[in-house]
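Report on one structure; see the data block that follows.
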Amino acid sequence: MEENSYHGIDTLLLTFDDVAILPGLSTVEPHDVDLATKVSKRIFVSTPFVSSPMDTVTEWRMAAALARLGAVGVIHRNMPREEQARQVRIVKGLSPSPWSEVPRIKLPDGLDNYSLIMEEVEAGAAVVFGAGGIKGYLVLERPDAQFWLDKARYLSLYLLRIRPLPTIDGDGRLIVGAAVSPFDIERARLLEKSGADFLVVDVAHLHNTNALSSLARLVKEVSIDVVAGNLGTKEGVLDTLSRAEEVAGLRMGISSGSICSTGEVAGAAVPTLTAVMNAAQALEELGLAGRIPIIADGGVRNAGDAAKAIIAGASAVMGGRIFAGAEESPGPRIRVGDRLYKPYRGMASRGAMERRFAVDRYSRQAKAVEEGVEGLVPYTGPVVKTLYELAEGLKAALGYAGAQDIISAWRARLARVTPSGSREIKPHDILL
Ligand code: XMP
């Protein structure tokens, strides 16, 4: 941000649609792009996506599914701390194999020369593997067998394409993050004790002296990584790190989320792309460039947005909407006409705040005004499909940028597009 501009009015808040990736000389083919990265100083993932700590996005099922696929989830805090700790323990106790997501069946006699992915579940179908790949599908004689067969086929085809490297700790257990208010040190301690691998400080405006003083105490109380946010400006990052130098990651973006109404209600915003650039600039000034991972949070709609965030300096991308429609998100499938949807809401929406007031005494510190909306998003099926499309799209984008991995993407270039350019670079003049 410009320091000396009158009231900051010269400051330009660029967002994803304001820029395009400038093509650069590439030394690798897109499928060879390496997406391995960090979400915090000590948390490594093979795919740079993190699901938001929101009560319609991440509970144990989403966290487990994403970690099995090489990404990671952050369990929301809109529940009593004991329940959040229990959910962390569930994830830590699950099999890390991505194939655990595939419906399973007991192998009948006579098929012992094949290896079965999984055994022993009454799910109705299974994928049979032999030398050289899939040999077939087994279906149990049940009225709903077709459903399970479809699901087994669907999941296994994606898994075979992605061949994910699960996100696991030193003991081979799935890695899971958990959200915490900067004021809730007791919750932070309990989550660490329950096996959480990292914490994500979850407050709309961390750049506040009370929140920062409490954060400074919190980071000293736990030994796991703490990602701090949300922040938008360079000053916010500098003030955070001067008070809590132990912070192991930065969650950047104010009011860009698809369900955010902060920009409307309070008139305050730093779009995610700009917030990431501000953090990168702050780290550069501190001589810490690349040493504290930046997570771009809010407004990411597709792989192109994710790529822009990464080129701007992010190590990983957090998303709510992109994952909210998945089978693994909390909440029911809702039929409207002939389409399926899932609920999605901001954590500062009326419904989410009512739930929080009921379970969390630290919500007293929270504002009473609604800064989020509630609605529906299309049901997207198992999250593997979304993650596959995001990862493949991101590889293609980095291929254009001339980057072979996340770190080299930080040297790639973005350019501003004009409003007419922005229209032209999307499909146009065709009836879709
Ligand atoms: P997307 O665009 O991925 O954004 O759906 C998810 C991010 O939005 C933030 N968030 C909120 N921001 N009011 C806000 O202003 C809210 O009620 C709200 N709930 C979530 C959060 O950073 C999340 O990761």
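Whatever order the structure lists them in is the order used to number ligands and atoms, beginning at 1.
- Between K342 and E327, no side-chain nitrogen of the basic residue sits less than 4.0 Å from a carboxylate oxygen of the acidic one, so the salt-bridge criterion is not met.
- Atoms of ligand 1 lying under 4.0 Å from any heavy atom of N230, numbered from 1 in the order shown and given with element: 22 (O).
- Of all atoms in ligand 1, listed by their number and element, those nearer than 4.0 Å to a heavy atom of S258 are 1 (P), 2 (O), 4 (O), 5 (O).
- Here's the thing with G299: one of its N/O atoms is less than 3.5 angstrom from an N/O atom of ligand 1.
- Considering backbone and side-chain N/O of G320, one or more are found under 3.5 Å from N/O of ligand 1.
- By the criterion of a heavy-atom distance under 4.0 Å, the side chain of M54, and not its backbone, is placed next to ligand 1.
- Under a 4.0 angstrom heavy-atom cut-off, A204 registers as lying outside contact with ligand 1.
- Polar contact with ligand 1: present for M347 (N/O pair, distance under 3.5 Å).
- A salt bridge does not link E186 to R189: none of the charged nitrogens lies less than 4.0 Å from a carboxylate oxygen.
- The nearest heavy-atom contact from the protein to atom 5 (O) of ligand 1 is Y344 OH, 2.5 Å.
- Considering both main-chain and side-chain atoms, S255 never comes within under 3.5 Å of ligand 1 through any nitrogen or oxygen pair.
- Looking at E328, its side chain does come within 3.5 Å of a backbone N or O of V383 through a donor-acceptor pair.
- Scanning the protein for heavy atoms near atom 4 (O) of ligand 1, the closest one is G257 CA, 3.2 Å.
- Comparing heavy-atom distances from atom 15 (O) of ligand 1 across T262, V300, V74 singles out T262 as nearest.
- Using a cut-off of 4.0 Å between Lys/Arg side-chain N and Asp/Glu carboxylate O, R251 and D202 are scored as salt-bridged.
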Tell me, with the steps shown, if D225 and R42 meet salt bridge (charged side-chain N to carboxylate O under 4.0 Å, His left out). CA-CA 7 Å; D225 279 1; R42 290 173 290 174; 2.7 Å; yes
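- The ligand atoms of ligand 1 that sit less than 4.0 angstrom from a heavy atom of I259 are 8 (O), 10 (N), 11 (C), 18 (C), 19 (N), 20 (C).
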Run the side chain to side chain donor-acceptor pair (under 3.5 Å) check on D239 and S242 step by step: do they pass? CA-CA 5 Å; D239 287 341; S242 72; 4.6 Å; no
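- Atom 22 (O) of ligand 1 has its nearest heavy-atom neighbour, among D297, I254, V265, in D297.
- With hydrogens and angles left out, the side-chain atoms of Q87 and E83 include a donor and acceptor closer than 3.5 Å.
- Under a 4.0 Å N-O distance rule, the pair D169/K92 qualifies as a salt bridge.
- Among all protein heavy atoms, the one lying closest to atom 13 (N) of ligand 1 is E371 O, 2.6 Å.
- Every atom of ligand 1 with a heavy atom of R321 under 4.0 Å away is listed here by number and element: 1 (P), 3 (O), 5 (O).
- Between S256 and ligand 1, no pair of N/O atoms sits closer than 3.5 Å.
- Within ligand 1, counting atoms from 1 as listed, the ones closer than 4.0 Å to a heavy atom of G319 are 3 (O).
- Nearest to atom 11 (C) of ligand 1 among the protein's heavy atoms is C260 SG, 3.3 Å.
- Using modelled atom types and a 3.5 Å distance limit, the side chains of T15 and D18 yield no donor-acceptor pair.
- Applying the ring pair (Phe, Tyr, Trp, His ring centres under 6.0 Å) criterion to Y400, with sequence neighbours excluded, gives no partner residue.
- Atom numbering of ligand 1 starts at 1 in the shown order; those under 4.0 Å from a heavy atom of S52 are 6 (C), 23 (C), 24 (O).
- Summarising the geometry of A63 relative to V176, their closest heavy-atom pair is CB-CG2, 3.9 Å, with the distance given to 0.1 Å.
- Within the 4.0 Å heavy-atom criterion, the part of R251 lying near ligand 1 is the side chain and not the backbone.
- Using a 4.0 Å cut-off between a side-chain N of Lys or Arg and a carboxylate O of Asp or Glu, R301 and D17 qualify as a salt bridge.
- Ion pair R86/E82 not flagged as a salt bridge, since none of the NZ, NE, NH1 or NH2 atoms sits closer than 4.0 Å to an Asp/Glu carboxylate oxygen.
- Checked against a 3.5 angstrom limit, the closest N/O atoms of A348 and ligand 1 fall inside it.
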